[in-house]
Amino acid sequence: MISIDLIRRDPDTVRRSLSRRQEETAVVGELLHLDEQRRATIATADTLRAQRNEASKTIGALMKAGQGNQAEQQKEAVRQTGEQLRLLDETLRGLDEQTNSLMLNLPNIVSDEVPDGPDETGNIVIFEEGVRSIYDFELKPHWELSESLGITDFERGAKVSGRMFYVLGDTGARLQRALVNYMIDLHRGQHGYEERGVPFLVLKETMIGSSNLPKFADALYHDSDEDLWLIPTAEVPLTNLHRDEILEPNMLPLRYMAHTPCFRKERAAAGQQVRGLKRVHQFEKVEMYQFVEPELSMETLDAIVQAAADVIRGLKLPFHLLQLCAGDISFPSAKSFDLEIYTPASDEWLEVSSCSNCTDFQSRRSNIKFRREVGGKTEFVHTLNGSGLALPRVIIAILETFQQADGSVRVPEILVPYMGGQQVLHPIR
RNA sequence: GGAGAGAUGCCGGAGUGGUUGAACGGACACGUCUUGAAAACGUGCAGGGCUAAAACCCUCGCGGGUUCGAAUCCCGCUCUCUCCGCCA
């Protein structure tokens, strides 16, 4: 949520941000109007309430003094005030509801550091790193390799859970565990993150706090019986770890990571796009998350990007860093970067990480504040998230990049210890 | 799932209709004292709205109701604890 104060003070900044996101700006005027009505109503109601409180005190005093008659007269007057108040409160509730619903659907303000652009075509490659191998044999696509090596079993995945689900075979499950442990060890040892094991089903309030609800309900799996929602990313529970808290001085920065499954409906997906492990309803991911002081959030974003890039560097995969343009940036983000690995057989760049500075957008929704010093005033923290990394796509990149002429795949050196010394994955069918 | 108890500020804990937004204790911060610290003493210490700042208003798990007036009474919900049942 952005601050209503900002809309009041500087509506043009909000309009400009919305336009850069290719969204309608009329909502700003609506909010301005609602806010005016709201505040006028509050002012009137507060005055009435003050009168009532005062009169009630007088009545109390009169009763004590045994002047019942005068008290009764006063009561009648105050009863009328109470009736007026009831009406005003009802009006106010309506205004609050309207305001809230508009506010919850308003995206974060795009940072000035973000380039203009209509959609993903406007994203900018910041740098490319690593060497693309040259192959003297015909490359196999990942969906063939993963089946022949016993990484995946799509047929049984579909049997058990339907389209866009998969089963990992013995080698695949082991490779995934190896990758998870490698990533978590790296982030703990080199980047200062501590681990959390979080719930995968969360309350509606939790989804609102991270800004997945109300706007993106159709992307989420939901148990209507108990009104619990399956997380689409660990960002959701990690954001809410400190919901409704005031963090004491010296607690920041907080660096968390969590390894979780991610559940996504991916309704729009179809055709070539969903071949193999690339786009699935359930996948695992190691997520990094930070709570920081506002003035440090932009440099922290760079650090998160580097931490994610370090994972790829360790695997010796070629990748590039993409800065997302204003038209492609996600709802809660002020500034985002994606990391994409090059996959030689598919000949495309595959997004394995998205890192965002959500500034105070999520902390306002989740009411997460901090104090700079004991007894100091409270401020909203800034929150940042970054994948570090999404597993199926890393597996895809490993398979396509390190495949050999005989159909086997080399295990990246850094993973060998995590694979019990295994250096090559051999076809099993 | 059944039975019972409870939910108050950073923590413990009082408060059952009227200067109680909240006694008292602890923690914490500042000050006095001290070479320094401890102890002792003094002061401060919930969040939020509206303000230039006050005044004022809201909040005692959440929502609704009764009343001139609710932390206190009534109804619903959520959560926690204890016992029983079930269960990896």
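A, B, ... follow the sequence lines: proteins, then strands. Residue 1 opens every chain. Predicted model only: the values in this text are computed from it and were never measured. Values reported hereafter were calculated over all heavy atoms of this structure, with side chains retained and with hydrogens, waters and symmetry mates removed.
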**Report entry** Contacting residues from residues 76-84 of chain A, given that a heavy atom lies under 4.0 angstrom of RNA chain B
**Finding:**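 Within residues 76-84 of chain A, the residues near RNA chain B are A/Val78, A/Arg79.
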Report task. Determine, for A/Phe331 and A/Lys215, whether the Lys NZ or Arg CZ falls below 6.0 Å from the six-membered ring centre while staying within 45 degrees of the axis. Result ->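 Because its charged atom misses either the 6.0 Å distance or the 45° angle limit, A/Lys215 does not stack over A/Phe331.
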Query raised in the report: Heavy-atom count around A/Glu413 CD within 6.0 Å, excluding the residue itself: above 12?
Result: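 No, CD of A/Glu413 has 12 or fewer neighbouring heavy atoms, counting only those of other groups under 6.0 Å.
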Provide the distance between the two [atom1] atoms, one in [N] and one in [M], to the nearest whole Å.
| N | M | atom1 | result |
| --- | --- | --- | --- |
| B/A3 | B/U8 | C1' | 27 Å |
| B/G1 | B/C10 | P | 33 Å |
| B/G18 | B/G2 | P | 38 Å |
| B/A37 | B/U19 | P | 43 Å |
| B/C74 | B/G17 | P | 12 Å |
| B/C81 | B/G61 | C1' | 15 Å |
| B/C87 | B/G13 | P | 36 Å |
| B/G9 | B/G4 | C1' | 29 Å |

Protein-nucleotides 49-56 of chain B N/O pairs closer than 3.5 Å?
unit_1: B/U51; atom_1: OP1; unit_2: A/Arg39; atom_2: NH1; d: 3.2

Query raised in the report: Within this structure, what is the CD-to-P distance between A/Gln74 and B/U67, rounded to whole angstrom?
Result: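 For the pair A/Gln74 CD and B/U67 P, the rounded distance is 18 Å.
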**Report entry** Atom-to-atom span, CD of A/Glu226 to P of B/C77 - whole angstrom
**Finding:**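 It is 16 Å, rounded to the nearest whole Å.
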Query raised in the report: What pairs meet the salt bridge (Lys or Arg N to Asp or Glu O under 4.0 Å) rule with one or both residues in residues 372-399 of chain A, with sequence neighbours excluded?
Result: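 Of all non-adjacent pairs touching residues 372-399 of chain A, those that pass salt bridge (Lys or Arg N to Asp or Glu O under 4.0 Å) are A/Glu293-A/Arg372, A/Glu295-A/Arg372, A/Arg372-A/Glu379.
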Query raised in the report: Checking all strands, does A/Thr58 fall into the base, sugar-phosphate, or nothing category for heavy-atom contacts under 4.0 angstrom?
Result: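 Nothing: the residue A/Thr58, judged by heavy atoms under 4.0 Å, touches no strand.
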Query - Results of side-chain hydrogen bond (donor to acceptor under 3.5 Å, both in side chains) for A/Glu194 - residues two or more places apart only - result: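 So A/Glu194 forms a side-chain hydrogen bond (donor to acceptor under 3.5 Å, both in side chains) with A/Arg196.
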Report task. Kindly write out the residues that satisfy side-chain hydrogen bond (donor to acceptor under 3.5 Å, both in side chains) with A/Thr383, not counting sequence neighbours, or none if the list is empty. Result ->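 Expected list: A/Tyr289, A/Gln362.
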Under the salt bridge (Lys or Arg N to Asp or Glu O under 4.0 Å) test, residues paired with [X] that sit two or more places apart:
| X | answer |
| --- | --- |
| A/Arg264 | none |
| A/Arg364 | A/Asp360 |
| A/Arg93 | none |

Report task. Take A/Ala55 and A/Glu379, find for each the nucleotide of RNA chain B with the closest heavy atom, and name the residue whose nucleotide sits nearer the 5' end. Result ->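 Here A/Glu379 is the residue nearer the 5' end.
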Query raised in the report: Nearest nucleotide by nearest heavy atom, which residue falls closer to the 5' end of RNA chain B, A/Lys57 or A/Arg52?
Result: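 Nearer the 5' end of the strand: A/Lys57.
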Report task. Please list all pairs passing the side-chain hydrogen bond (donor to acceptor under 3.5 Å, both in side chains) test where one or both residues lie in residues 244-253 of chain A, with sequence neighbours left out. Result ->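 Listed by first then second residue: A/His242-A/Glu245, A/Asp244-A/Asn367.
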Report task. Kindly state each residue pair satisfying side-chain hydrogen bond (donor to acceptor under 3.5 Å, both in side chains) with at least one member in residues 20-29 of chain A, sequence neighbours excluded. Result ->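 Counting only pairs at least two positions apart or across chains, the side-chain hydrogen bond (donor to acceptor under 3.5 Å, both in side chains) contacts touching residues 20-29 of chain A are A/Arg20-A/Asp116.
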Query raised in the report: Tell me, which stems hold RNA chain B, with a stem being 3 or more Watson-Crick or G-U pairs in a row and both distances under 3.5 Å?
Result: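 Looking at RNA chain B, the stems formed by three or more consecutive pairs are B:1-7 with B:78-84, B:10-12 with B:24-26, B:28-32 with B:40-44, B:46-49 with B:56-59, B:61-65 with B:73-77.
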Protein-nucleic acid N or O pairs under 3.5 Å, nucleotides 59-64 of chain B:
unit_1: B/G64; atom_1: OP1; unit_2: A/Arg93; atom_2: NH1; d: 3.3

**Report entry** Pair A/Asp227-A/His222, side-chain donor/acceptor within less than 3.5 Å
**Finding:**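 Judged by distance alone, the side chains do pair up.
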Query raised in the report: Can A/Asp12 and A/Arg16 be counted as an ion pair, charged N to O under 4.0 angstrom?
Result: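 No, this pair does not count.
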**Report entry** Pair A/Arg313 + A/Asp310: basic N to acidic O under 4.0 Å
**Finding:**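 Judged by the 4.0 Å cut-off on N to carboxylate O distance, A/Arg313 and A/Asp310 do form a salt bridge.
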